[in-house]
Amino acid sequence: MKITSAEFVISNSNVAKCPKDNLPEYAFIGRSNVGKSSLINMLTDRKSLAKTSGRPGKTQLINHFLINKNWFLVDLPGYGYARVSKSAKKVFQKFITAYFSKREQLITAFVLVDCRHEPQKIDLEFMQWLGENQIPFSIIFTKGDKLSENKLSKQIESYTKEMLEYWEEMPNYFITSSSSGMGKEEVLAYITELNEQFST
Ligand code: GTP
Ligand code: MG
């Protein structure tokens, strides 16, 4: 897919104020600093469409980006960031949960995990929650440039093995790198396919 336009539309913490257009959307979720905002920039070929930072806790709201005037990418705050106060975490958790449970035009969630890490409790719990709420999701392994090809496939193998303790099959997944562009075509092709299903 060629992205011809990518525009920031609105930021807010209230799912009721998200865009009303009934366009398909795709949300990026995961721990702080995993690379959600960077991935949005990589996919859209825009350097600073979504704000990124080396310090976790950068994205604090639900951000809608309109792509090619007919679908949305949604950037969300990270979960599990220890340095945000407990009360701030609760607020995040509340609107993130509200977003996922109420946003009917959400086609699929992308749960981002750092390819260097073993499965983390918070990610497993979140995927479990998505499953229980019948919200489709794919996993995106980020920062693929940080490992050799060999190490990367070993990591994915061990991640899969652990996932299979909780899931009957490994969820659909992608491996990406926002610095090298790895996985870009695959993720965009998947979104294109889902957009087509949505419109028929
Ligand atoms: P929050 O908004 O705080 O939840 O973080 P986020 O998940 O949006 O992460 P963000 O995109 O801001 O990236 C965090 C840091 O990781 C930044 O310093 C990025 O440059 C770096 N980063 C993100 N993706 C990649 C990647 O694919 N490869 C490498 N090497 N660094 C990355
Ligand atoms: Mg962010």
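All values derive from a computational prediction rather than experimental measurement. In each ligand, atom 1 is the first atom listed, and ligand 1 is the first ligand listed.
Protein N/O/S atoms closer than 2.8 Å to the Mg ion (ligand 2): Ser37 OG, Thr59 OG1.
Note: Phe28 and Phe110 have parallel aromatic rings, judged against thresholds of 30 and 60 degrees for the angle between ring planes.
Nearest non-hydrogen protein atom to atom 18 (O) of ligand 1 is Gly54 CA, 3.3 Å. Among all non-hydrogen protein atoms, the one lying nearest atom 25 (C) of ligand 1 is Lys143 CG, 3.7 Å. The closest protein non-hydrogen atom to atom 4 (O) of ligand 1 is Lys36 NZ, 2.8 Å. Of the protein's non-hydrogen atoms, Asp145 OD1, 2.7 Å is the one closest to atom 28 (N) of ligand 1. Regarding atom 5 (O) of ligand 1, its nearest protein heavy-atom neighbour is Asn33 N, 2.9 Å.
Within the set Ser38, Gly30, Cys115, Ser53, the minimum heavy-atom distance to atom 17 (C) of ligand 1 is found for Ser53. Of the candidates Ser178, Gly35, Gly181, Gly35 brings a heavy atom nearest to atom 9 (O) of ligand 1.
Remark: the Ser180 side chain and the Asp145 side chain contain no N/O donor-acceptor pair separated by less than 3.5 Å. No donor-acceptor contact under 3.5 angstrom links the side chains of Tyr190 and Asn195, judged on distance only. With no hydrogens or angles considered, a side-chain donor-acceptor pair links Ser37 and Thr59 at under 3.5 Å.
Contact annotation for Ser177 and ligand 1: heavy atoms of both the backbone and the side chain come within less than 4.0 Å of the ligand. At a heavy-atom distance under 4.0 Å, no atom of Met42 approaches ligand 1. In Val34, the parts holding a heavy atom less than 4.0 Å from any atom of ligand 1 are both the side chain and the backbone.
Around CD of Glu104, the count of heavy atoms belonging to other residues, nucleotides or ligands within 6.0 Å does not exceed 12. By the 6.0 Å contact criterion, NZ on Lys47 is open, its count of non-hydrogen atoms from other residues, nucleotides or ligands being 12 or less. The environment of CD in Glu132 is crowded: more than 12 heavy-atom neighbours from other residues, nucleotides or ligands sit within 6.0 Å.
Looking at Leu76 next to ligand 1, no N or O pair under 3.5 Å apart turns up. Considering backbone and side-chain atoms alike, Arg55 places every N or O at 3.5 Å or more from each N or O of ligand 1. Polar contact check, Lys51 against ligand 1: no nitrogen or oxygen pair lies under 3.5 Å apart. Considering both main-chain and side-chain atoms, Ser37 comes within under 3.5 Å of ligand 1 through a nitrogen or oxygen pair. For ligand 1, the polar-atom distance check finds no N/O of Asp75 at less than 3.5 Å from any of the ligand's N/O atoms. Here's the thing with Gly57: one of its N/O atoms is less than 3.5 angstrom from an N/O atom of ligand 1. For a threshold of 3.5 Å applied to N or O pairs, the pair formed by Gly78 and ligand 1 contains at least one separation below that value.
Assignment of Thr142 to the shell around ligand 1 is not supported, since no heavy atom sits closer than 4.0 Å.
Ring-centre distance between Phe126 and Tyr79: below the 6.0 Å cut-off. Checked against a 6.0 Å centroid threshold, the rings of Phe174 and Phe141 do not count as neighbours.
Nearest heavy atoms, Glu118 versus Ser158: OE1-OG, 3.8 Å.
In this structure, the salt bridge (charged side-chain N to carboxylate O under 4.0 Å, His left out) partners of Lys121, at least two apart in sequence or on a different chain, are Glu125.
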Quiz prompt | Verdict with reasoning, Ile67 to Thr44, per side chain to side chain contact (heavy atoms under 4.5 Å, CB included) | solution = CA-CA 8 Å; Ile67 313 298; Thr44 55; 3.8 Å; yes

Self-check item: side chain to side chain contact (heavy atoms under 4.5 Å, CB included) assessment of Gln105 paired with Phe72
Solution: CA-CA 10 Å; Gln105 45 282 77; Phe72 288 110; over 6 Å; no

Practice problem: Show the numbers, then the answer: is there a salt bridge (charged side-chain N to carboxylate O under 4.0 Å, His left out) between Asp45 and Lys184? | Solution: CA-CA 10 Å; Asp45 262 323; Lys184 180 181 179 190; 2.7 Å; yes

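Close approach to Pro56 involves these atoms of ligand 1, each under 4.0 Å from a residue heavy atom: 3 (O).
In this structure, the side chains of Phe95 and Pro77 come closer than 4.5 Å at one or more pairs of heavy atoms.
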